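Taking it in order: structure first as structure tokens, then the write-up.
Convention: sequence-line order gives letters A, B, ...; per-chain numbering from 1. Source: prediction; values computed, not measured.
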Number of protein chains: 2
Amino acid sequence: MHTKLSIIDTLKKHQLSVTDARKNILSLFSESGNALAHANIEKQSSAEFDRVTIYRTLQTFVEKGIIHTIPSSDNSVKYALCKDECAAGHHHDDHIHFICDFCGITYCLDQITVPKIKLPNGFKATQTDLIVSGTCNKCEQ
Amino acid sequence: MHTKLSIIDTLKKHQLSVTDARKNILSLFSESGNALAHANIEKQSSAEFDRVTIYRTLQTFVEKGIIHTIPSSDNSVKYALCKDECAAGHHHDDHIHFICDFCGITYCLDQITVPKIKLPNGFKATQTDLIVSGTCNKCEQ
DNA sequence: ACATCATTGCAACTTTGTTGCAAAATATTT
DNA sequence: AAATATTTTGCAACAAAGTTGCAATGATGT
């Protein structure tokens, strides 16, 4: 097992200067545990930071390998914390994302890994995203 | 095997009135063969149809089961023709989508089906999207 | 504490998506 | 085939989402 890095240590580890916006937004992710969309962040850290700052912070975090994007069908990309093995430019988030149709929460199902897919000749995969949607364990009756 | 439906027959089959916009946009899909984003359609049928018409047409096609959406990480949902088994409200597009990082083309790899995923207790899947990105067979050297 | 470098907020803008309504086109009835 | 009913389209106006340049503020290392 590994020890959980503090917010500040995580930023320093990725050679980022420690600012209020970054500390705040990063802690939103670790507190929530699940994926967040830009809109979520804008509401939760309400009126604290400029929209532009949030855009740029998310962008920086993705570049540095702190968070990764999760594709979606409704024009609202979500972001979630990467596992520790992710480094700048090298994302290794081969787990499954589950989007609940009822509560809207996006879960990272770290336990389940994406099965290897055999592609047709000439196709080479660099990234694989598996997005499952349906009903989560809180919303089932 | 099944016989390929004409553009007009496809529209009628789904109880849609046959209009220029629908014929035109639907034929763009069957000619291209691959997935198209709203932006592609707006360019290809340039200045012919209002932006709003394209939005509404795509929405209608999705509702009727003529096309399906393909999630993406860059805030640009793409659309592709459904296989014939799709009906209104019931999409059965359990194939893999491949997005080429170089040419940007999104392929529907109909040959390969998405493997069944065992979810944690309490999670029920209604839809599964598998998006692979990398280099396609035209762009490899 | 100071100088340097990076980050933030503001303003202005572009792009993307939505809604209401009148005009035009399609479908339906006689 | 013409008249009516129903849908669809385009326009305008708007709302939301994302981008860029630049001055001011804040962080970092010596």
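- DNA chain D is contacted by both Tyr55(A) and Gln15(B); Gln15(B) maps to the nucleotide lying nearer its 5′ end (nearest heavy atom per residue).
- For Asn24(B) and dA25(C), the CG to C1' distance is 16 Å, given to the nearest whole Å.
- Of the inter-residue distances, the one linking Asn40(A) atom CG with Thr106(A) atom OG1 reads 8.5 Å to the nearest 0.5 angstrom.
- Summarising the geometry, the separation between CZ on Phe49(B) and P on dA25(C) is reported as 12 Å, rounded to the nearest angstrom.
- A straight line from CD of Glu48(B) to P of dT8(D) spans 19 Å, rounded to a whole angstrom.
- Proximity of Thr19(B) to the phosphate of dT9(D): a side-chain N or O atom is located under 4.0 Å from OP1 or OP2.
- For Asp20(B) and Asn75(A), each mapped to the nucleotide of DNA chain C holding its nearest heavy atom, the one lying further toward the 5' end belongs to Asn75(A).
- Using a 4.5 Å heavy-atom cutoff, the side chains of Asn24(A) and Glu48(A) are in contact.
- Contact of the Arg22(B) side chain with the Val18(B) side chain is not registered, since no non-hydrogen atoms from C-beta on lie closer than 4.5 Å.
- Among the protein residues, Arg22(A) comes within range of the sugar-phosphate backbone only, with heavy atoms under 4.0 Å from sugar or phosphate atoms but none that close to a base.
- Whole-Å rounding puts the His14(B) NE2 to dT26(C) P distance at 21 Å.
- DNA chain C is contacted by both Gln59(B) and Leu16(B); Gln59(B) maps to the nucleotide lying nearer its 5′ end (nearest heavy atom per residue).
- Put simply, Tyr55(A) and Val77(A) are part of two different groups of oily side chains (I, L, V, M, F, W, Y) that touch within less than 4.5 Å, one to the next.
- Between the C1' atom of dT8(D) and the CG atom of Leu58(B) lies a distance of 15 Å, rounded to the nearest Å.
- Contact annotation: Ser17(A) side-chain N/O to dT28(D) OP1/OP2 distance is not under 4.0 Å.
- You'll find the side chain of Leu109(B) stays beyond 4.5 Å of the side chain of His97(B), heavy atoms only.
- Within the nucleic acid shown, Ala21(A) comes within 4.0 Å of sugar-phosphate atoms alone, with no base atom in reach, counting heavy atoms only.
- Separating the NZ atom of Lys64(A) from the C1' atom of dA6(C) is a distance of 12 Å, rounded to the nearest angstrom.
- Rounding to whole angstrom units, CD of residue Glu42(A) and P of dG18(D) are separated by 9 Å.
- Taking atom CG on Asp50(B) and atom C1' on dA13(D), their separation rounds to 13 Å, with Å as the unit.
- Judged by distance alone, with hydrogens and angles left aside, Arg56(B) brings no side-chain donor or acceptor close enough to the base of dG17(C) to form a pair under 3.5 Å.
- Counting atom types as modelled, Arg51(B) pairs no side-chain N or O with a base atom of dG10(D) as donor and acceptor under 3.5 Å.
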